[in-house]
Amino acid sequence: MGTMIKKDNRLTSSQSFSCVGFAGLFSKSATSPLEVVKIKSQVGTFHCKKGFGQTFLLIYHNEGLKGFWKGNFVSCLRLFPYTAVHLTIYRKIVHLHMDEVGFISQARAIVAGGLAGVAAALATYPLEVAETRLIVQNGREPSYVGLVHALAKIRSTEGLLALYRGFSLTVLGAFPFSVGCYVVYSNVDKVWGEPPFRLSPLQNFINGCLAAGLAQTLSYPFETVKRKMQAQSSRLPHFGGVDVHFGGVADCFVQVVKNKGVLALWSGLTANTIKIVPYFGLLFACFELCKQVCLYRNGYIVSPLSYAPAPGVDQSLGPAELQEVKRYLRNRSSFAEAGQSTIGNRW
């Protein structure tokens with residue numbers, strides 16, 4: 001996300017956060033059906049036995065349209081604390097590794113993003129566990145009636161550690177994810193024949209999709225096992241709907257490969273890959289729309305529907321600086337008018 005949505009100093013920190021948050025909410029909600037199919041495929045519920053298309057039909061037949069947005073509220077709720085922690089940690093790590101002129105290498109920036117992602121995941125992991133349970137449960141005979149009930153029931157029946165089951169896979173998956181991002185972003189200038197700072201928004205969008213596709217494919221087996229660990233529970237019907245039974249992280253990998261084959265570690269990859277373009281497309285478009293509204297309110301552009309700069313406005317000034325300049329010009333204009341009025345009265 002950070003590579004496509006770049007920081008604009010013409011926005012305040014709260015405006016940047018709000019733009020990223022709203023764009024994330026909209027793109028997550030719009031692509032929720034694909035996320036539901038992906039997670040059910042990873043866990044191995046009965047819906048996904050016959051492939052991508054049949055999974056959609058079975059979910060609709062058994063749970064109706066609302067089944068495609070199960071867990072979406074929790075996913076959206078998780079977005080804000082996740083984004084806040086991610087941005088805060090990322091900026092702190094980047095600041096530590098900047099040189100005297102404020103430069104940081106692409107490799108270090110990507111590693112910083114990976115570490116920030118792990119920290120953000122730790123802070124919001126119980127919500128992710130609850131999201132998985134809500135998505136994979138039987139819609140006709142639900143074990144949980146909402147987020148609060150899910151968290152309370154998991155805590156009381158399975159213990160506090162159950163809310164962090166599988167977290168180690170987030171840490172393990174961060175390495176191949178970062179490698180995938182680095183492979184793409186270290187070669188973009190060779191592909192486009194331009195240095196990264198000269199790339200157009202469309203080129204940055206394509207790069208973001210390619211990086212996400214490769215990174216998620218490399219780290220996908222870790223996420224598949226993580227979802228199975230989040231879903232499995234001896235306290236739930238059919239052990240939570242997981243297609244294999246296991247005793248831990250290593251055993252889960254072994255049981256999946258032994259019973260389902262190695263390709264089962266990439267179950268749901270089709271839905272995940274299809275989701276990448278609309279997700280990032282909507283994310284990028286919504287962010288730009290929100291950004292234009294904010295820039296218009298801040299006085300940098302002439303209309304919220306256009307990036308045409310307002311005449312006479314220095315685009316290098318920050319929002320507070322621009323308001324201070326406008327205030328100074330208004331005061332100077334008022335003094336000038338008052339002076340002319342005084343001279344006129346004398347004559």
Side-chain angles (χ1 to χ4, degrees), residues 1-6 19-43 48 51-53 55-56 59 68-72 75-76 78-79 82-83 86 106 109-110 113-114 116-117 120-121 128 131-132 135 169-170 173-188 191-192 196 199-227 263-289:
M1 184 189 295
T3 54
M4 288 169 47
I5 295 178
K6 296 182 178 179
C19 288
V20 171
F22 180 78
L25 289 177
F26 186 79
S27 53
K28 272 184 176 291
S29 298
T31 57
S32 179
L34 289 165
E35 181 70 7
V36 169
V37 169
K38 183 196 81 170
I39 291 176
K40 283 183 177 288
S41 298
Q42 288 177 314
V43 172
C48 57
F52 176 72
T55 302
F56 269 98
I59 293 173
F68 292 110
W69 278 269
K70 285 164 62 178
N72 185 59
S75 181
C76 290
R78 186 166 63 94
L79 182 67
Y82 183 95
T83 302
H86 191 281
Q106 187 72 61
I110 289 172
E128 186 179 339
E131 176 195 355
T132 300
I135 287 175
L169 291 153
T170 298
F175 177 72
F177 187 90
S178 296
V179 168
C181 288
Y182 179 71
V183 167
V184 172
Y185 287 111
S186 62
N187 289 284
V188 289
V191 174
W192 298 113
L199 298 180
S200 68
L202 178 60
Q203 288 171 319
N204 276 319
F205 170 71
I206 293 171
N207 294 340
C209 290
L210 290 174
L214 180 59
Q216 290 177 17
T217 300
L218 290 175
S219 62
Y220 203 82
F222 296 97
E223 190 189 349
T224 296
V225 173
K226 180 183 73 174
R227 292 292 184 181
L263 290 180
L265 292 169
W266 281 269
S267 293
L269 184 62
T270 301
N272 187 67
T273 304
I274 292 173
K275 189 186 80 169
I276 287 172
V277 172
Y279 177 81
F280 281 112
L282 291 170
L283 184 76
F284 187 74
C286 288
F287 178 81
E288 289 299 311
L289 182 61

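Side chains are part of it too, since the values below use all heavy atoms of this structure and drop only hydrogens, waters and symmetry mates. Since we're looking at a predicted model, the values are computed, not measured.
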Problem set entry | Pairwise distance OG1(T31) to NZ(K275) - rounded to 0.5 angstrom | 5.0 Å
Problem set entry | Residues in side chain to side chain contact (heavy atoms under 4.5 Å, CB included) contact with T170, at least two apart in sequence or another chain | A121, Y125, F167, K226
Problem set entry | pair R227-K40: side-chain heavy atoms closer than 4.5 Å | no
Exercise. Can you list the residues that meet the side chain to side chain contact (heavy atoms under 4.5 Å, CB included) rule with L269, with sequence neighbours excluded?
Worked result: T217, Y220, W266, N272, T273
For this session: Can you sort out the partners of K38 under salt bridge (Lys or Arg N to Asp or Glu O under 4.0 Å), two or more places apart, ordered by chain and number?
Result: E35, E223
Problem set entry | Contact check, side chains of L34 and F56, non-hydrogen atoms, under 4.5 Å | yes
For this session: Measure from the side-chain N and O atoms of S32 to the backbone N and O of K28, and report whether any donor-acceptor pair falls under 3.5 Å.
Result: no
For this session: Enter the distance from F68:CZ to I135:CD1 here, rounded to the nearest 0.5 Å.
Result: 12.5 Å
Problem set entry | Qualifying residues under side chain to side chain contact (heavy atoms under 4.5 Å, CB included), relative to A120, sequence neighbours excluded | Y82, V85, H86
Problem set entry | Atom pair OG (S41) and CZ (F52), whose distance is rounded to the nearest 0.5 Å | 8.5 Å
Exercise. Is the backbone of L25 close enough, under 3.5 Å, to the side chain of S29 for a donor and an acceptor to pair up by distance?
Worked result: yes
Exercise. Do V20 and F287 touch side chain to side chain, with heavy atoms closer than 4.5 Å?
Worked result: yes
Seminar exercise, completed: dist Y279:OH -> S27:OG (nearest 0.5 Å) comes out at 4.0 Å
For this session: Report the residues that fulfil side chain to side chain contact (heavy atoms under 4.5 Å, CB included) with L202, sequence neighbours left out, ordered by chain and then residue number.
Result: S200, F205, I206
Exercise. Between atom CG of N204 and atom SG of C209, what is the distance when rounded to the nearest 0.5 Å?
Worked result: 11.0 Å
Seminar exercise, completed: Residue set satisfying salt bridge (Lys or Arg N to Asp or Glu O under 4.0 Å) with E131, at least two apart, ordered chain then number -> R78
For this session: Assign the ring pair F22 / F26 to parallel, tilted or perpendicular, where the plane angle (0 to 90°) is split at 30° and 60°.
Result: parallel
Problem set entry | Nearest heavy-atom neighbours spanning V37 and A271 | CG1-CB, 4.0 Å
Exercise. CG/L289 to CG/L282 distance, rounded to the nearest 0.5 angstrom?
Worked result: 12.0 Å
For this session: List the atom of S219, the atom of F177, and the distance in Å for their closest heavy-atom pair.
Result: OG-CD1, 3.7 Å
